[in-house]
Visitor: 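What follows is a structure written as C-alpha cells; I'll ask about it next.
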Amino acid sequence: MFRSILILAAVLFCRQAVYSQTDQHQHPHAASADTFTLQELREVVVISQRSASDRSGKPLASLDTYLEKSAAVNMIRRGSYAWEPYLNGMASERSVITIDGMRIYAACTDKMDPVTSYVETTNLASATVHNGPSGSTGGATVAGSLDLVRKKGSFGRGGFNSSIFGGFEANNRLKTGGTGVAYSGETFFANADVTYRHADNYRAGGGTEIRNSGFSKLNMSAIAGYKADEHRHLEASLIFDRASDVGYPALPMDVSLAQAYIASLEYIQHHLSPGVSEWKTKLYYNNVRHVMDDSRRPDVPIRMDMPGWSRTWGFYSQLKGSREKHDWKASLSGHHNHSLAEMTMYSDTPGWKDMYMLTWPGVATRYADLYAEDSYSFREKWKATTTAGLAVHNNLIDNITGLGSLRIFYPGLQKNRTRLLKRLSSALTRETERWLLSAAAGYGERAPGISEGYGYYLFNSFDRFDYIGNPEMRNEKTVTYGAVAAYRRSRLSAKLSGSVFQVYDYIIGKPDAGLSAMTIGAAGVKVYEQLRHARIMTGALEVSYQFGKNWLWTSKAGYRNGKGNGVGPLPLMQPFSYQEALSFTHKSFSADASIGGALKQTRFNPAFGESPLPAYAVLNLSASQLLEFGDRSLTLKAGAENLLDQNYTTFADWNRLPRMGRNIFMNVIWKF
Amino acid sequence: MKLFKNIICCLPLLAVVFLASCSKDADPVPDEIDGLKFVASLKNETHMVNLYSASGKLTTGYNEIFFQVRKADSSLVVNNISPEWAPTMKTENMSHSSPASAIAPVPGTSFLFSGFIIFPMAGDWELPITYHIDGTAYTSTGKAAVQAAQKRILESFEGSDGQKYVVTMLDPVKPVIDRNDMTALLYRMKSTNDFEPVSGYTIKIDPRMPAMGHDSPNNTDLTFKDGIYKGVVNLTMKGSWQINLQVANEKGEVIKGEPVTEANPASSIYFEIEL
C-alpha cells in the first residue's frame with residue numbers, strides 16, 4: 001500500500017501541474033447580493049445563522065433546510081428529521097460528506113442517519129460543495145463532496161460574546177432553544193454551544209396529522225484553540241449529538257436513539273517557508289450508535305430491533321502554498337472505520353426462536369489517500385486548475401457470522417478486498433469584470449458503500465424490496481463535464497450552469513426472481529449489480545435583479561435527469577423546480593415573499609416505487625427586524641411557510657410522504 | 001453418570017480383592033471409552049455389555065453407539081467376536097425394528113465396537129447383541145431408553161411406490177449462519193425386521209423460516225455418495241428453520257414430499273434446525 005503511495009507521490013511531483021476544478025457557483029445569496037465574487041467558484045452554503053440579513057428561510061432552521069438551498073443538493077426526506085443529502089441527484093454513497101475534513105460513517109443501514117444529522121447549525125459556519133471528483137480532499141467520489149465547515153472563534157481581543165436563541169413553529173409545535181458562548185483572547189479562544197429541538201407530529205396540508213413524525217435532538221459542542229506562537233496553534237473540537245424518539249413516517253421503523261461523539265485535535269502552522277503558507281494536521285475519532293426500533297408502531301407483522309454501530313478514526317495532513325503563478329495544495333489522509341449492524345426479530349409463536357442476523361456483517365474500511373491540486377493563473381484573466389488523487393481502499397469482513405452470511409450468496413467470497421481509486425480533474429476559467437466562463441472535466445472512481453457491498457436483507461420501503469449487497473463489484477467510475485456562465489452588471493446578475501455525469505459500472509439494485517424476501521410483505525429481493533452505463537444531467541439557472549434601493553427579485557430554477565442502461569429513468573431525480581422571491585429591505589427591517597414549486601413529474605420509475613407527481617406551488621411569507629442596543633442585538637423573524645396550506649409531495653419525499661402544511665414560525669436571537 | 005464412573009474406577013479394585021489370581025488381566029483400559037458417556041448395560045449370565053455414546057443419551061434419529069463386552073470377572077473381551085444387533089421395540093400389538101449399521105471394531109482399540117442405530121421413535125428399545133466367543137454364540141440383552149429428539153430430525157413415511165422409508169438428518173449438528181454441510185441417511189423397510197440403505201435417490205431440500213415465510217438461496221440437494229446423502233443447507237439467520245423435503249428415486253420421480261407454495265406452506269416431510 002505504501003509503495004503505491006510513494007509511486008503516486010513521484011508521479012504527482014513530476015507533473016507539477018495540479019489543479020482544482022472550479023465549478024458551479026450557486027450560492028443563492030451570493031448571487032443576489034453585493035457579496036458576489038466571481039473568484040469564488042465553489043458552491044458554498046452559508047450556515048452560520050443568527051443573521052437578520054438571511055433573507056430566505058429561518059435563522060434557526062435545521063441544517064437540512066440550509067443544505068437544500070444549494071442547487072447541487074437535494075435532500076431526500078423520510079420524515080421531519082435527518083434528511084439524506086443527494087449531491088447532483090446521486091445517493092449519499094456516491095459522495096463524500098465530511099465535517100471539517102473528518103470522515104464519518106453513518107451507522108444506520110436504512111439511511112436514517114446521514115452524517116449531516118449529527119451536527120447542528122450552531123456547530124457550523126458553512127458547507128462547501130464540490131461537484132464531481134474535483135477538489136475533493138475528503139476522498140474518492142463520483143457525485144461530489146460536501147464539507148461542513150466548523151464554526152470557530154479566532155484569536156484576538158474579543159472577550160466574551162454570548163447568545164441565547166429560541167424558536168417556535170406552530171405546525172409541529174417545534175421548540176428550538178439554545179445558547180452559545182464564545183471567548184476570544186490573544187492566545188486562546190473557545191466556543192461552546194448547546195441546542196435542543198423537540199417536535200411533535202406535523203400536519204400536512206389540509207390538516208392530516210402525519211403520525212410518527214416527531215423528534216428530539218440535543219447537540220452540544222465545544223471548540224478551543226491555543227496559540228503557541230505567531231505561526232503555530234492547536235485546536236481541539238468535540239461534538240456530542242443525541243437524537244431520540246425520532247419518527248420516520250415514510251419508513252416502517254423509527255429510531256429510539258441516534259448518538260454520535262465527534263472529536264478532533266488539529267495542529268496548524270502558517271508561513272512555513274516563502275512557498276508554503278499553511279500546514280495543518282488533524283487527528284480525529286468519531287463514534288456513532290444508532291438504534292432503530294418499532295415499539296411505537298401499533299401494527300407490525302413482527303417486532304424487531306435494528307441497532308448499528310460505526311466507529312472511525314483518521315487523520316489528514318495538508319499543505320498549502322504558492323509559487324509564482326501557481327497556488328497549490330497537497331493532502332495525505334487516511335481513516336479506519338468499523339461498521340456493524342444487526343437485526344433481531346421477536347418470534348411470537350411459542351417454540352420458535354427469536355431470529356437474528358447481521359445486516360452489516362462487521363466491515364472494516366481502511367483507506368489512505370493522497371491528493372494534490374494546482375491552480376495556474378495566466379494571461380491575466382485565465383486560470384487552469386488541475387486536481388489529482390489516488391486512494392487505496394480496503395474492506396475486511398471481520399465478523400465470522402457476517403462472513404458466513406455472505407458466503408451463502410457468494411461461496412468463494414474472500415474476506416479481504418483492496419481497491420485502487422483514482423481521480424483527476426481539470427478546469428479552465430476565464431474571468432472578466434462582467435463575465436465568468438468556466439468549463440471543467442473530471443474522472444472519478446468509488447468503491448461500493450457498505451450496504452451496496454455487504455448489506456444483508458436491507459429492506460427498502462420505497463420499492464419494497466430486500467437488498468443484498470454484492471462484494472464482488474468493480475469500482476464505479478464517472479466521467480464528468482461541467483460548464484458555468486455567469487454575468488453581472490450593476491443591478492442584474494445571472495448564472496447558468498450545467499453538468500453531465502457519465503457513470504460506468506453504475507451500482508443499482510436489480511430484482512433477482514430466484515431469491516425470496518426476508519421481510520414480511522416485501523415484493524422480492526434485489527441484488528446490487530452494475531449497469532454498464534448511466535447518465536445524469538443537471539442544469540440550474542439563477543437570476544437576480546435589484547429594483548431601486550429596497551427591492552430585490554431572485555429567481556432560481558433547476559432540473560435533473562438520470563437514465564440507466566436497461567432500467568430507464570433513475571429514481572429520485574429533481575423535475576423542473578423553481579423558486580421566485582421578492583424581498584424588501586429598509587434599514588434593519590426586511591420582508592420577503594416567495595413561491596417555490598415544481599412542474600409535473602412525468603419522468604419516474606415505478607420499479608423503484610415512484611409514481612407520477614402533479615405540479616405544486618407553495619407560498620411563503622416572512623419578515624424580520626434587527627434591534628440594536630449598543631453592542632447587544634435582538635433579531636426577530638416571523639413568517640408563514642406554505643401559507644395556503646397546500647397538500648403536496650415532491651420527488652424527494654420517500655414513499656411520497658406529504659410535506660408540512662401551513663406553518664407559522666417565530667425565531668428570536670439575543671446576542672450580548 | 002458420576003456413580004457409573006466410580007463403579008468403573010472401582011472395578012479393578014474389586015477384581016483385586018475378589019479375584020487376586022486374575023489381577024494381571026484386569027488391565028486399566030477405560031482409556032478406550034474416554035470422552036464417551038455410559039448409556040445402558042446389556043447382560044446375560046456370563047457377560048455384561050456396556051453401551052456408550054457421545055452424549056450419554058439415545059434419541060430418535062441417528063445415534064452412534066459404542067460398546068464393550070465384559071466377562072463376569074470384569075475383564076474385557078477382545079473385539080474379534082463378530083457382534084450383531086437387532087434393535088426392537090414392542091408395543092401392544094406390534095413389533096418395530098430400526099435401521100442399523102453393521103457393527104465393527106473401532107480401529108486402534110482392542111475392546112471397543114461401534115455402529116449406529118436410527119431410532120424411528122422414542123421409548124424403551126430392546127437391544128439384543130449377539131456375538132461369538134470360541135465358537136459359542138451369546139446374546140446379551142437389555143433395554144435402553146430412547147428420548148425424543150428436541151427437533152424433528154427423522155421422518156418415517158410411505159412412498160408413492162408403496163414402500164416404507166425412514167430418512168434422518170445427521171449434519172449439521174452445530175448449525176451456523178453460513179453454508180452448512182448437510183448429511184442424511186435413507187432406509188427402506190424390506191420387512192418388519194429388516195431395513196436396507198437406499199442409494200441413488202435424491203433428497204431435495206427447501207429450508208424455510210416459518211415465522212417469516214422466507215427460504216434461503218443456493219442450497220444443494222442431497223445426493224448419495226460414499227454411503228451417505230450429502231448436500232448443503234444455507235441458513236441465512238438465527239432462528240427456527242424447517243427443512244422441507246422431497247424424496248426422489250433414481251428416475252427423479254418424487255415419492256414423498258411436496259413443493260412449498262403459497263397454498264402449501266410446508267412439505268409433508270421436513271426436518272427442523274434451530275440456531
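We use all heavy atoms of the structure for the numbers below, so side chains are in, but hydrogens, waters and symmetry mates are not. In what follows, every chain begins at residue 1, and chains take the letters A, B, ... in the order their sequences are listed. If you're wondering where the values come from, they're calculated on a predicted model, not measured in any experiment.
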Visitor: Under 6.0 Å from the CZ atom of A:Arg532, do we count more than 12 heavy atoms belonging to anything else shown?
Guide: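 No.
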Visitor: Between chain A and chain B, which N/O donor-acceptor pairs sit under 3.5 Å?
Guide:
unit_1, atom_1, unit_2, atom_2, d
A:Lys353, N, B:Ser240, OG, 2.8
A:Lys353, NZ, B:Leu275, O, 3.2
A:Tyr356, N, B:Lys238, O, 3.1
A:Tyr356, O, B:Lys238, N, 2.7
A:Ile408, O, B:Asn218, ND2, 2.9
A:Tyr456, OH, B:Thr236, O, 3.0
A:Ser516, OG, B:Asp215, N, 2.9
A:Ser516, OG, B:Asp215, OD1, 2.4

Visitor: A:Leu515 and B:Pro217: which non-hydrogen atoms are nearest, and at how many Å?
Guide: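 Smallest heavy-atom distance, with atoms named: CD2-CB, 3.2 Å.
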Visitor: Heavy atoms under 4.5 Å from chain B: which residues of residues 250-259 of chain A carry them?
Guide: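 If one takes a 4.5 Å heavy-atom cut-off, no residue of residues 250-259 of chain A lies near chain B.
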Visitor: Identify, with sequence neighbours excluded, every residue that meets side-chain hydrogen bond (donor to acceptor under 3.5 Å, both in side chains) alongside A:Arg78.
Guide: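 Only A:Glu84 meet the side-chain hydrogen bond (donor to acceptor under 3.5 Å, both in side chains) criterion with A:Arg78.
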Visitor: Taking all heavy atoms of A:Met518 and all of B:Met212, pick out the closest pair and write down the distance.
Guide: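 For A:Met518 versus B:Met212, the nearest heavy atoms are O-CE, 3.2 Å.
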Visitor: A:Asn475: what forms a side-chain hydrogen bond (donor to acceptor under 3.5 Å, both in side chains) with it, not counting sequence neighbours?
Guide: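 For A:Asn475 the side-chain hydrogen bond (donor to acceptor under 3.5 Å, both in side chains) partners, ignoring immediate neighbours, are A:Arg419.
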Visitor: Measure the shortest side-chain to side-chain distance between B:Met237 and A:Met345 over non-hydrogen atoms and say whether it is less than 4.5 angstrom.
Guide: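 They are in side-chain contact.
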Visitor: Counting only heavy atoms not in A:Arg296, do more than 12 fall under 6.0 Å of its CZ?
Guide: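 No, not enclosed.
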Visitor: So what's closer than 4.5 Å to chain B heavy atoms on A:Ile302: side chain, backbone, both or neither?
Guide: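 Contact with chain B: side chain only.
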Visitor: With a 6.0 Å cut-off (strictly less than), is the heavy-atom count around CD1 of A:Ile520, excluding the residue itself, greater than 12?
Guide: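 Count over threshold, so yes.
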Visitor: For the candidates B:Val232, B:Val176, B:Leu275, which exhibits the highest count of non-hydrogen atom pairs separated by less than 4.5 Å from chain A?
Guide: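 Counting heavy-atom pairs under 4.5 Å, the top option is B:Leu275.
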